[in-house]
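Bear in mind the structure is a predicted one, so any value in this text is a computation, not a measurement. These values consider heavy atoms only, across backbone and side chains, with no hydrogens, waters or symmetry-generated copies.
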Amino acid sequence: MKGQVLVVDDEQEVCSLLEMALVRHGFKVTISTNAQRALDVVAAQDFDVVLTDLSMPEMSGLDLCERVIGTRPNMPVVVITGQGSLETAIGAIRVGAYDFITKPVDPKLLFLSVSRAVQHRRLQDEVKRLRQAVAEGDVDSQIVGQSSAMRRVYELISRVGESDASVLIHGETGTGKELIARGIHSRSRRKDGAFVAINCAAVPHSLLESELFGHARGAFTDAKAQRTGLFVQASGGTLFLDEIGELPLDVQPKLLRALQERKVRPVGANHEIPFDARIVAATNRNLEDEVYEKRFREDLYYRINVVKIDVPPLRERGGDVLHLAQHFLKQFAERNAKPTLELSTTSAEKLMVYNWPGNVRELENCMEHAVALARFDQITVEDLPEKIRAYRAERFVVAANDPTEIVTMDELERRYILRVLSLVSGNKSRAAQVLGFDRRTLYRKLERYGAEAASATEKSEPPVPPVPVV
């Protein structure tokens, strides 16, 4: 197939003749005899070129061209006109038409014009892809680490890449969940399609539905033109729903329906638009806990969680801290014209001891800070941020010589559970795994501990003090 073409003409016979001529040359053709319906088709499906007649009763070819380019700027439009005047040509160029053909249509000129338009579209897409690759760097080169925890992540990325299964990426803030999503996309059969990302927590709730599903013209006060939603924009590629745990409850059933039916209904529209996008979602919340607390729909959770990838926090990745530090050091040193910079032994020790609550993002910030302040050929401890220089590793003491410090087993268990909760930032499911409990047992114990347990789940609370025991 040489390309997908949408032919728009109010005369069915003309459409059929153009279709025959294009199919003979290997193009796949879709026909529309109504310009308004053609806009709906363009919103729902991607084409390499739109071929439209100039004179149509409800909407002229120039108006159609202008509206197509308004919603799909990379989609070339070829206008067919019976008026081969200079004014017509200038009008077509002004609204953004790629080319125009005069009637009667010469099949050779038709093939040549459509072929060039298709080639132009694909060249635009390739340039865009390369610009994005240069701006973002190679995805694989940015996912750094050789720890066993990261090797498991690499294996899952590789295995799930070729399928179209929905993926849920879970990890703390700053662990690189979007990089993992891009890694999945780059290994999939959709890698030449768009990677469309939205942070569900960053978009106002009142606008989120319009962003995801699109809206019709006049759907609300500021809806002056039709808007294509991200689901349709991602057709042929991947839609990344970041921080999906922040999705409002009233939007969740609409998202569930879209995933089940593979169609979306734009806000204010009376029709549904099909889409073909792979869904990858990410969250820093434990969605099982959110389902238990009735803040996230269980049916939606199972719909997005076909394959789950747990991204380990940086404190659990051992030597990856230094691998990442060197990676960021190289980037920022080159950017600041300090290519000979390296880590000193003492600064490396500080980086290894620190617990990195902000994960990879915090480490990246730390190295940028250090490069900016570096005065010598090595990053010294003095170049690191103050809280990293001053950090002291905590220890959980389980032995003591003072008989007055003896506590009961129940008290020891209580303190240890609260300590574990603090270390895992209040994540009850992770704490239950560490403690060897099932989740219900942990909930019962936490209810018995009351307010003190609630405070242990807050990240801002200080850690539980060490427990001395004989």
Side-chain angles (χ1 to χ4, degrees), residues 136-157 169-183 282 284 309-336 338-396 419-420 422-427 430-431 433-434 459 463:
E136 297 173 355
D138 180 66
V139 173
D140 291 342
S141 68
Q142 292 188 51
I143 306 177
V144 177
Q146 296 298 323
S147 63
S148 58
M150 284 306 295
R151 284 200 296 270
R152 288 194 294 271
V153 172
Y154 297 147
E155 182 184 1
L156 279 173
I157 292 174
I169 304 171
H170 174 257
E172 296 177 7
T173 300
T175 50
K177 296 186 288 295
E178 183 168 345
L179 269 182
I180 301 300
R182 289 184 181 277
N284 61 1
I309 297 179
D310 285 301
V311 185
L314 188 54
R315 62 182 173 273
E316 295 180 6
R317 293 176 55 180
D320 283 355
V321 171
L322 293 186
H323 285 290
L324 283 159
Q326 294 285 3
H327 172 74
F328 293 132
L329 175 60
K330 181 181 178 183
Q331 283 186 350
F332 294 123
E334 290 176 353
R335 193 178 302 173
N336 289 273
K338 299 178 179 180
T340 60
L341 270 178
E342 57 184 35
L343 279 173
S344 69
T345 304
T346 51
S347 63
E349 289 173 353
K350 280 289 184 183
L351 296 180
M352 287 296 292
V353 169
Y354 188 62
N355 69 346
W356 302 107
N359 292 293
V360 178
R361 191 175 296 145
E362 184 181 9
L363 177 57
E364 181 179 12
N365 177 273
C366 166
M367 296 314 298
E368 185 173 13
H369 173 101
V371 170
L373 296 186
R375 293 170 295 174
F376 309 109
D377 289 340
Q378 282 193 330
I379 298 295
T380 65
V381 173
E382 288 70 27
D383 299 324
L384 302 177
E386 169 62 26
K387 65 177 180 178
I388 297 175
R389 297 201 308 267
Y391 181 79
R392 296 291 183 273
E394 297 173 0
R395 294 183 178 179
F396 189 80
R419 173 65 174 153
V420 169
S422 176
L423 288 174
V424 298
S425 304
N427 186 319
R430 185 179 284 274
Q433 291 173 354
V434 171
K459 292 183 180 180

- When you look at Asn359 and Thr175, which way does the side chain to side chain donor-acceptor pair (under 3.5 Å) test go after all the steps? CA-CA 5 Å; Asn359 292 293; Thr175 50; 5.6 Å; no
- Does the pair Glu178 and Arg182 meet the rule for a salt bridge (charged side-chain N to carboxylate O under 4.0 Å, His left out), with working shown? CA-CA 6 Å; Glu178 183 168 345; Arg182 289 184 181 277; 3.2 Å; yes
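No option in Asp383, Asn336, Val371 other than Val371 meets the side chain to side chain contact (heavy atoms under 4.5 Å, CB included) test with Leu341.
Annotation: side chain of Glu362 is in contact with side chain of Lys387 (closest heavy-atom distance under 4.5 Å). Taking 4.5 Å as the limit, some side-chain heavy atom of His170 sits within range of a side-chain heavy atom of Asn427. Counting only heavy atoms from C-beta outward, the side chains of Leu324 and Met367 never approach each other to under 4.5 Å. His327 places a side-chain heavy atom less than 4.5 Å from the side chain of Gln331.
Minimum heavy-atom separation, Ala374 to Lys338: O-NZ, 3.2 Å. Nearest heavy atom pair, residue Lys350 against residue Tyr391, reads NZ-O, 3.9 Å. Among all heavy-atom pairs drawn from Leu343 and Gln378, the shortest one is O-NE2, 4.2 Å. Contact record, Arg315 with Trp356: NH1-O, 4.5 Å, taken as the closest heavy-atom pair. Across all their heavy atoms, Val153 and Pro312 have their closest contact at CG2-CD, 3.9 Å. Summarising the geometry of Leu329 relative to Ile379, their closest heavy-atom pair is CD1-CG1, 3.9 Å, with the distance given to 0.1 Å.
A salt bridge links Arg389 to Glu386: one of the charged nitrogens lies within less than 4.0 Å of a carboxylate oxygen.
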